[in-house]
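Okay, structure first, notes after.
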2 protein chains.
Amino acid sequence: MKNLVKVERARLDMTQAELAKELGVSRQTIHAIEKDKFNPSVTLALKMARLFNLPVEELFIIDED
Amino acid sequence: MKNLVKVERARLDMTQAELAKELGVSRQTIHAIEKDKFNPSVTLALKMARLFNLPVEELFIIDED
DNA sequence: TAAAAATGTAAAGTTTTATTTACTTTTAGA
DNA sequence: TCTAAAAGTAAATAAAACTTTACATTTTTA
């Protein structure tokens, strides 16, 4: 699993802390997701995708099959 | 959060056990998701959406804002 | 270049997802 | 209608998401 959170966050010119607050999670959660430390819930993924105006499938990409 | 897993599973004429096996999770996990008992990981959501040939956003719907 | 802001990291603790086992109830087929 | 498959439920456990706190490092900006 890789994701475009860091890039899309940069596009919106938001800090990890700002994004975290917007999404109702901790800054460390954002950091961990950006570093592929974990696999967020679909709810959080949906909220992020909506904020970034991207489909979940483009924001989070499963490596292989 | 609601979801269309039960409906889409019916469209593919699969049992909970078959779907579970296909996705590499337990039958109870499928059951719990169908009953909105929990919020799956984005990875599992992506696998389901791909199997059902639907965007994650259509398979899993956040209730409000 | 010094200070402040942002990011990285880490550890302990909580909550929730997911597994396993087992049993009951419902549904479908012979 | 009897039977078997499927689905519902539940509880104990394991694993992972997420929180909180705290501090170090990097980047930005005054």
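Per chain, numbering begins at 1; letters A, B, ... match sequence-line order.
Nucleotide C:dA6 holds its C1' atom 17 Å from the CG atom of A:L12, rounded to whole Å. Atom CG of A:N3 is separated from atom P of D:dA17 by 13 Å (rounded to the nearest Å). The NE2-C1' distance, from B:H31 to D:dA7, rounds to 6 Å in whole Å. With rounding to whole Å, B:R27 atom CZ is found 11 Å from C:dC23 atom C1'. Spacing between atom CG of B:D13 and atom C1' of C:dG29 amounts to 14 Å, rounded to whole angstrom units. We find that CG of A:L44 is positioned 13 Å from P of C:dT17, with the value rounded to whole Å. Between A:D36 atom CG and C:dG8 atom C1' there is a gap of 15 Å when expressed in whole angstrom units. Protein atom CE of B:M48 is 13 Å distant from nucleotide atom P of C:dT17, rounded to whole Å.
Residue A:S26 has a polar side-chain atom (N or O) positioned under 4.0 Å from OP1 or OP2 of D:dT19. For B:K6, a side-chain nitrogen or oxygen approaches OP1 or OP2 of D:dG8 to under 4.0 Å.
When each of B:T15 and A:N39 is assigned the nucleotide of DNA chain D with its nearest heavy atom, B:T15 is the one assigned upstream, toward the 5' end. The residue among B:S41 and B:E18 whose nearest nucleotide of DNA chain D lies closer to the 5′ end is B:E18.
The pair A:R11-A:E8 meets the salt-bridge criterion, since a charged nitrogen lies less than 4.0 angstrom from a carboxylate oxygen. Residues A:E22 and A:K47 are not paired through a salt bridge, judged by the lack of any N-O separation under 4.0 Å between the basic side chain and the carboxylate.
B:Q28 contributes a side-chain N or O that forms a donor-acceptor pair with the base of D:dT9 under 3.5 Å.
Side-chain proximity of B:K35 to C:dT7, D:dT19, D:dG8: nearest is D:dG8.
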Checking side chain to side chain contact (heavy atoms under 4.5 Å, CB included) for the pair A:K21/A:R27: CA distance, chi angles, key distance, verdict? CA-CA 8 Å; A:K21 189 172 184 184; A:R27 180 175 72 83; over 6 Å; no
Which is it for A:M1 and B:V42 under the side chain to side chain contact (heavy atoms under 4.5 Å, CB included) test, yes or no, and what are the steps along the way? CA-CA 10 Å; A:M1 262 272 301; B:V42 68; 3.9 Å; yes
Stepwise side chain to side chain donor-acceptor pair (under 3.5 Å) check, B:Q16 with B:Q28: CA-CA 8 Å; B:Q16 291 178 345; B:Q28 280 65 18; over 6 Å; no
